[in-house]
Amino acid sequence: MFPPTGNRPISAHVTSPASPDYLTRLNPEQRAAVETVDGPLLVLAGAGTGKTRVLTTRFAHILMTRRAFPSQVLAVTFTNKAAREMRERVAAILGEPAEGLWLGTFHALCARMLRRHAEHVGLNSNFTILDTDDQIRLLKQVMEAERIDTKRWTPPSLMGVIQRWKDRGLTPERITAAEDTDFANGKARALYAAYQSRLRALNAADFGDLMLHVTEILRAHPDILADYHRRFRYILVDEYQDTNLVQYLWLRLLAQGHRNICCVGDDDQSIYSWRGAEVENILRFEKDFEGAKIVRLESNYRSTAPILAAASGLIAHNEGRLGKTLRPGRADAQSGEKVTVVGLWDSDEEARMVGDRIEQYRRDGHPLSEIAILVRAGYQTRSFEERLIAVGLPYRVIGGLRFYERAEIRDAIAYMRATVQPADDLAFERIVNVPRRGVGDAALRTMHETSRREGIPLAAAAALLVQNGGLKGKVRDAVGGLLRDFLRWKDMLEKDGHVVTVATMLDESGYTEMWKQDKSAEAPGRLENLKELVRALADFENLTGFLDHVSLVMENEERDDNDKVSLMTLHGAKGLEFDTVFLPGWEEGIFPNQRAMDESGNAGLEEERRLAYVGLTRARRNAIVSHAQNRRIYANWQSSIPSRFLEEMPAEHVQHSGSAAMARDARIAAATSFGSQFPLMATRRPRVIEAWEQPGRPARTDQIPVGARVFHSKFGYGVVTGAEDDKLDIRFEKSGEKRVLDRFVERA
DNA sequence: CGAGTCCTTCTTTTT
DNA sequence: GAAGGACTCG
């Protein structure tokens, strides 16, 4: 009934002066958030207070009241999941599929914008979007060219530095000497610049570039910015607390036009600071957008009263909150059960407990799709998977390897990239010897040398070497053949379209055959994925559109509506809800995560606490928190201490269950079994106690300085030549240079 | 050049 | 304890 796209006016038949149906279903706060349409608005929305509903209704309201056409609203989300959901719900309200909208993640929208203006940052509009793997490989090459010791200064750590700069909207030129950290003796900025110029040479952009480049373009080209100002009358932003500085700048630039910007967020759910997110963006909002109104959504319709009380009590331990109180809004909220805390002997027992309880729920007629197990880190899913398999409970893991990250998909895409973009060295390098063509390190090195000497792409260098006999015999034939194939496929792409071409490509290159020959268990699945890839191609007009989709949007979730338990990280669970939520692994060091606390101190701890808050508030009716006293990490068992978060939930809303009585004394048990060095105060001991830190061998408290003479029970005597964290580089008199953990040596 | 072996690291979270 | 990378040997 309403046009989904384009500039046709909306034939709104909202004629009645009475409130339209979609508004009357909102509570007064929500309604205020929807109807305060003009001017800047900040909506502080607690968990489960109908945030998405407000956003989508607001979107619809703008259209229904004819304030803008669908294409004149910019709606930004943080995740694809959120974007998809908003798209679906807007479509449902409109009664038609919503297409042609500027609705998507920050990155997807920026990719779209960058394709239009790529030339302003020295890219061609068909630029490639690199994934993390490509980024690291490229950066490593740059570092090696600059003769950086990549063992001492690893590419991923430099990538982190660069990414943080990009998160803050800093191009290499904008970085002052003072900003340059001491990474590789102050070479980070230069390496960043070199990396950026390599990206440009490859006609490629990494994830951070999408935001950075577009923001730079909007800053530098008032005409382009003005164009977007004309286009976007209204801006809607979801998960505002997770935006980083460059995203904030981007929004601010775009919102300068009409100033109709509505940001929805919850400072208590800010869990992405490690990615450069700045909660301060919420605080800046009022300053930057004068006259901004603020609406608070505090009625929670999701969870029972005890769950809300436990979550609220927990999050109250954080300082510097904007302050919101969640009120139970559900009619039956008061009838709910307390949050259950279960203490177990070890991680196996924890997995068993979760499995048993899920079986019980199932016997009681509880659908499995309404049960989730939320863990702190991806690796923790494994023990639960094993247990669920053992008891025959169907489950799905959400997150994990994405479609794009699978080797076969990346290979296939590299073939496409190498065909379409002869300058894409990374793609060429990836597949030049896949399947095996006898092109080894030596041949590749020759190509790299020629490429560098002649200042031409790798593929062009290869062509040259085939011609002038720089490559010989089998290698020459193989490379020559492949290069001819690239040209042929490129022709074919124009004549026969991308679907046929890609299918042919995978066939003729021998790539599919390679997997057919492969005897491993995964091979059939990989072939299936390749088929899926070709199938998916048909949904796109051209290869670029498809590649964008695959790298920015495509998710891993197999579409299946079967009744399954969901298994995912806490981060992955944001925005979702379930009747029953299991929250295992609440132990010091695991959750709160040790590294988060080591790296960010109290701020890190507070973010962990927010993560706990997010976890608890995913549950509608049952929240089962658990912790084990002993956990196997890598090969050895470690003794764990219950998470401080357990005590931070108000006791009156918590019930201890099962072997909880035992676990409640876990602190005492841990303390006594490890001797008097860990008194009861050990609750706050920041590090998990490791099993081999036996009594009688006290944890080392003094630092061993470089130059000290030390003794190691296995390697003997030696001299410390370097130190990093808890690892020491030692030159042993008999065993040579080794890197060992400091607790294994003592001063001689 | 490739297969096999040893060694290292991984365990934070995602677009 | 696994998986990926570096290194060695045939």
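Each chain gets a letter, A, B and so on, in the order the sequences are listed, and its residues count up from 1. Hydrogens, waters and symmetry mates are skipped; everything else that's a heavy atom, side chains included, is used.
Of all the residues in residues 425-438 of chain A, A/Asn433, A/Arg436, A/Gly438 reach under 4.0 Å from DNA chain B with at least one non-hydrogen atom. Less than 4.0 Å separates DNA chain B from at least one heavy atom of each of the following residues of residues 379-388 of chain A: A/Tyr379.
A/Arg252 pairs by the salt bridge (charged side-chain N to carboxylate O under 4.0 Å, His left out) definition with A/Asp288, not counting sequence neighbours. Applying the salt bridge (charged side-chain N to carboxylate O under 4.0 Å, His left out) rule to A/Arg382 yields the partners A/Glu386; only residues at least two apart in sequence or on another chain are considered. The salt bridge (charged side-chain N to carboxylate O under 4.0 Å, His left out) search around A/Arg112 returns none, not counting sequence neighbours. Shown here are the salt bridge (charged side-chain N to carboxylate O under 4.0 Å, His left out) partners of A/Asp134, two or more places apart in sequence or in another chain: A/Arg137, A/Arg410, A/Arg417. Applying the ring-ring contact (aromatic ring centres under 6.0 Å, His included) test to A/Tyr192 and every residue at least two apart in sequence or in another chain returns A/Trp165. Legend: residues meeting ring-ring contact (aromatic ring centres under 6.0 Å, His included) with A/Tyr395, ordered by chain and number and at least two apart, are absent. By the side-chain contact (heavy atoms from CB on, under 4.5 Å) test, A/Ser273 pairs with A/Glu607, sequence neighbours left out. Applying the side-chain hydrogen bond (donor to acceptor under 3.5 Å, both in side chains) test to A/Ser270 and every residue at least two apart in sequence or in another chain returns nothing.
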So which protein N/O to nucleotides 4-7 of chain C N/O distances come out below 3.5 Å?
| residue | atom | partner | partner atom | Å |
| --- | --- | --- | --- | --- |
| C/dA6 | OP1 | A/Lys140 | NZ | 3.1 |

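Counting to the nearest Å, the P atom of B/dT11 and the CD atom of A/Glu599 are 12 Å from each other. Between the CE atom of A/Met159 and the C1' atom of B/dT15 there is a distance of 13 Å, rounded to whole Å. Going from atom CE of A/Met113 over to atom P of B/dT15 covers 20 Å, rounded to whole Å. A straight line from CZ of A/Arg631 to P of C/dG1 spans 16 Å, rounded to a whole angstrom. When the C1' atom of B/dT11 is taken as reference, atom CD of A/Glu608 falls 13 Å away, rounded to whole Å. If you take CD of A/Glu239 and P of B/dT14, they are 14 Å apart, rounded to a whole angstrom. What separates CH2 of A/Trp274 from P of B/dT11 is a distance of 12 Å, to the nearest Å. Between A/His107 atom NE2 and B/dT14 atom C1' there is a gap of 8 Å when expressed in whole angstrom units.
Residue order along DNA chain B, read from the 5' end via each residue's closest nucleotide, puts A/Ala442 first among A/Ala377 and A/Ala442. In terms of position on DNA chain B, the residue among A/Asn593 and A/Thr105 whose nearest nucleotide sits closer to the 5' end is A/Asn593.
Using a 4.0 Å heavy-atom cutoff across all strands shown, A/Gly378 reaches sugar-phosphate atoms only and no base atom. Among the protein residues, A/Phe78 comes within range of the sugar-phosphate backbone only, with heavy atoms under 4.0 Å from sugar or phosphate atoms but none that close to a base. Within 4.0 Å (heavy atoms only), A/Ala108 reaches no atom of the nucleic acid at all. A/Gln163 comes within 4.0 angstrom of no nucleic acid atom, judged by non-hydrogen atoms across all strands.
For A/Arg275 and B/dT13, a side-chain-to-base donor-acceptor distance below 3.5 Å is absent, hydrogens and geometry of angles not being considered.
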Requested in this report: Using the side-chain contact (heavy atoms from CB on, under 4.5 Å) rule, take A/Phe582 and A/Val375 through it: C-alpha gap first, then chi angles, then the decisive distance, then the call.
Outcome: CA-CA 8 Å; A/Phe582 287 91; A/Val375 295; over 6 Å; no
Report task. Could you give me the CA-CA distance, side-chain angles and deciding distance for A/Val214 and A/Trp250, then say whether side-chain contact (heavy atoms from CB on, under 4.5 Å) is met? Result -> CA-CA 8 Å; A/Val214 172; A/Trp250 181 80; 3.4 Å; yes
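The closest side-chain heavy-atom distance from A/His107 to A/Gln247 is below 4.5 Å.
For the salt bridge (charged side-chain N to carboxylate O under 4.0 Å, His left out) condition, no pair includes a residue of residues 435-445 of chain A, sequence neighbours left out.
An OP1 or OP2 oxygen of B/dT14 is reached within less than 4.0 angstrom by a side-chain nitrogen or oxygen of A/Thr569.
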